[in-house]
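Shown next, in structure tokens, is the structure this report addresses.
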Amino acid sequence: MLWIFLTALFASVLIGIPVVFALGIANIIMLWIMDLPFTIISSRMISGMNSFPLLAIPFFMFVGEVMNHGGIARRLVKLADAFVGHITGGLGHVNILASMFFGGISGSAIADTAAIGGLMIPPMVQQQYTPAYSAAVTASSAVIGIIIPPSIPFILFGIVTSTSIARLFLGGIIPGIIVGFALMLTTWITCRRHGYGKREENRHFSLKAIWLAFREVWPALTLPVIIVGGILGGIFTATEAGAVAAVVALLLGLFYYREIQFRDLPRIFLATARTTAIVLFLCGMAMVSAWLLTRARVPFALADLLTSMTDSTLIILLVCNVLLFLIGFVMDLTPAILILAPILTPVMSQVGIDPVYFGVIMCINLGIGLVTPPVGTVLYVATGVAGIKMEALVRSLIPFLVTLLSVLVLLILFPELVMFIPNMVY
């Protein structure tokens, strides 16, 4: 049944059918083979979308839209510049640190790329960084946006696998920081090698500059504190945290920074609604697939197959990650999580791998797929912002991809890096 499902799905995608409709075709074929009524599609879609945790997605997407329009992203870049702008390759480091700040609020790699790229790529080009290198730093650091909490992929994974979203958020803190510093090290090495960012070495570290930038942006920095602190303290759920963050971000944009006008709100709400509708449609159709595959006992058969091949949990995890990495080349992050998480998570649980740990690893792995051709959506955003060709961007991305994969291997070899905070808190 798994081969029938995947063959129908990928054959439909390869001939140009959108993923959500390709899922529908695969589901119809499975229903026909299993001799089940086609009305299951509508009923399971509705029940799949009728989920309280899913409300977190439009809230965090709304926060990202408000940050883009409300000047918050620009102020985060200014704070990052005060911290690391004086180091060799300073603007590259600013780009990465700003992505860490932004990702800790919006939870979206694409929003990160659009906002930070629009602010950072032009000044990087002016300072003699090549457009392709500037876009490569922006694209690779955008992956941090789906690791540091809040994270929309973590929310999706938690919903389709019934895994604690709060624990997933906590599991992403250390890996997100490691990815950020690893990319900074890569930036420092490549900038020294190519001579980028020499002008910034004349600057000096200044506590006064940090204070001035912090004083301007501190209200926006309360958002990750509200989100993570509220969840940790048991004050509200991830969904309620998204709602609170949306209200606070809107109030900041309207009344504190005053860069959003009431006439801008319809455009912001419409952009949020469009993205949410796409995700919800995918969620509903993927829930049908998950139910059918579970009814066909595919996860259990897959677990039996893997355990019959090897007794090593590490090898099973490595095989699974190679599979996810290859799928990341041809499928976007959201449908990949919605389709594969319900299949693979029971397999991992059966061989003794914590669902929280696997969820973090899976999202990071598929997040790397966002910056690999031919389907990497972040690549298309970065090329559009930088005005360059895909081939040039991919060449400049190679050292950063190596860094991201190295961090992924590190997390596979040392699971404690992911599980330390979740196990400490819960």
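With rounding to the nearest 0.5 Å, the separation of OG in S140 from CD1 in I398 is 13.0 Å. Atom-to-atom distance recorded for L280:CG and L54:CG is 6.0 Å, nearest 0.5 angstrom. Taken from OG1 in T403 to CG in L408, the straight-line distance is 12.5 Å, to the nearest 0.5 Å. Here the CD atom belonging to E240 is positioned 9.5 Å from the CZ atom belonging to F59, to the nearest 0.5 angstrom. In this structure, CG in L314 is found 4.5 Å from CG in L318, a value given to the nearest 0.5 Å. The CG atom of L23 lies 11.0 Å from the CD1 atom of I28; values are rounded to the nearest 0.5 Å.
Minimum interatomic distance between C363 and L333 (heavy atoms only, all atoms of both residues): O-CD1, 4.1 Å. Between A182 and V407, the shortest heavy-atom distance links the atoms CB-CG2, 3.8 Å. In terms of heavy atoms, L292 sits closest to M34 at O-CE, 4.0 Å. When every heavy atom of L393 is checked against every heavy atom of A382, the shortest pair comes out as CD2-CB, 4.1 Å. Closest non-hydrogen pair, A56 versus I155, comes out as CB-CD1, 3.7 Å. Minimum heavy-atom separation, V378 to A142: CG1-CB, 4.3 Å.
Using modelled atom types and a 3.5 Å distance limit, the side chains of S312 and T310 yield no donor-acceptor pair. T113 and T138 are not linked by any side-chain donor-acceptor pair at a separation below 3.5 angstrom, with hydrogens and angles left out of the test. Counting only N and O atoms by type, the side chains of S141 and S99 include a donor and acceptor under 3.5 Å apart.
Under the 3.5 Å distance criterion, the side-chain polar atoms of S12 are matched with a main-chain donor or acceptor of A8. Looking only at distances, a side-chain donor or acceptor of T275 sits under 3.5 Å from a matching main-chain atom of A271. At least one donor-acceptor pair closer than 3.5 Å links the side chain of N321 to the backbone N or O of L317. In this structure, the side chain of S396 does not engage the main chain of A136 through any donor-acceptor pair within 3.5 Å. Remark: the backbone N or O of I40 is paired with a side-chain donor or acceptor of S43 at under 3.5 angstrom. Without hydrogens or angle criteria, S42 side chain to T39 main chain gives a donor-acceptor distance under 3.5 Å. S151 contributes no side-chain N or O that, together with a main-chain N or O of I148, makes up a donor-acceptor pair within less than 3.5 Å.
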Practice task
Could you go through the side-chain contact (heavy atoms from CB on, under 4.5 Å) check for T294 and V298 one step at a time?
Solution key: CA-CA 6 Å; T294 303; V298 166; over 6 Å; no

Problem - Pair L397-L379, side-chain contact (heavy atoms from CB on, under 4.5 Å): steps then yes or no - result: CA-CA 10 Å; L397 258 174; L379 294 182; 3.1 Å; yes

Practice task
Could you give me the CA-CA distance, side-chain angles and deciding distance for M348 and D354, then say whether side-chain contact (heavy atoms from CB on, under 4.5 Å) is met?
Solution key: CA-CA 7 Å; M348 296 297 108; D354 192 299; over 6 Å; no

Handout entry: Trace of the side-chain contact (heavy atoms from CB on, under 4.5 Å) decision for L9 with M331
Key = CA-CA 11 Å; L9 174 63; M331 186 175 290; 4.0 Å; yes

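A salt bridge links R267 with D264: at least one charged nitrogen is closer than 4.0 Å to a carboxylate oxygen.
Remark: of the listed residues N365, I174, I364, I364 is the sole one forming a side chain to side chain contact (heavy atoms under 4.5 Å, CB included) with L411.
Taking R44 as the reference, nothing meets the salt bridge (Lys or Arg N to Asp or Glu O under 4.0 Å) condition, with sequence neighbours excluded.
The environment of CZ in F414 is sparse: at most 12 heavy-atom neighbours from other residues, nucleotides or ligands sit within 6.0 Å. Within 6.0 Å of CZ in F10 there are more than 12 heavy atoms belonging to other residues, nucleotides or ligands. Counting heavy atoms of neighbouring residues, nucleotides and ligands inside a 6.0 Å radius, atom CE of M309 does not exceed 12 of them. Within 6.0 Å of atom CZ in F181, 12 or fewer heavy atoms from other residues, nucleotides or ligands are found, so the atom counts as exposed in its surroundings.
Residues L338 and C283 are in side-chain contact: their nearest non-hydrogen atoms beyond the backbone lie under 4.5 Å apart. Taking the side chain as every heavy atom from C-beta outward, Y357 and I412 approach each other to under 4.5 Å. Side-chain contact between V125 and T130: absent, with no pair of heavy atoms (C-beta onward) separated by less than 4.5 Å. V217 has its side chain out of reach of K78: every pair of non-hydrogen atoms, C-beta onward, lies at least 4.5 Å apart. When side chains are defined from C-beta on, P53 counts as touching I165, because their heavy atoms get closer than 4.5 Å. Under the 4.5 Å side-chain criterion, counting only non-hydrogen atoms from C-beta, L156 is in contact with I57. A 4.5 Å side-chain heavy-atom check between F358 and T163 finds every atom pair outside the cut-off. V19 is not listed as a side-chain neighbour of D332, based on a closest heavy-atom distance of 4.5 Å or more.
Between F329 and F325, the two ring planes are perpendicular [angle over 60°; tilted spans 30° to 60°]. Between F269 and F62, the ring-plane angle classifies as parallel under the 30° and 60° cut-offs.
For Y133 and F400, the distance between ring centers is under 6.0 angstrom.
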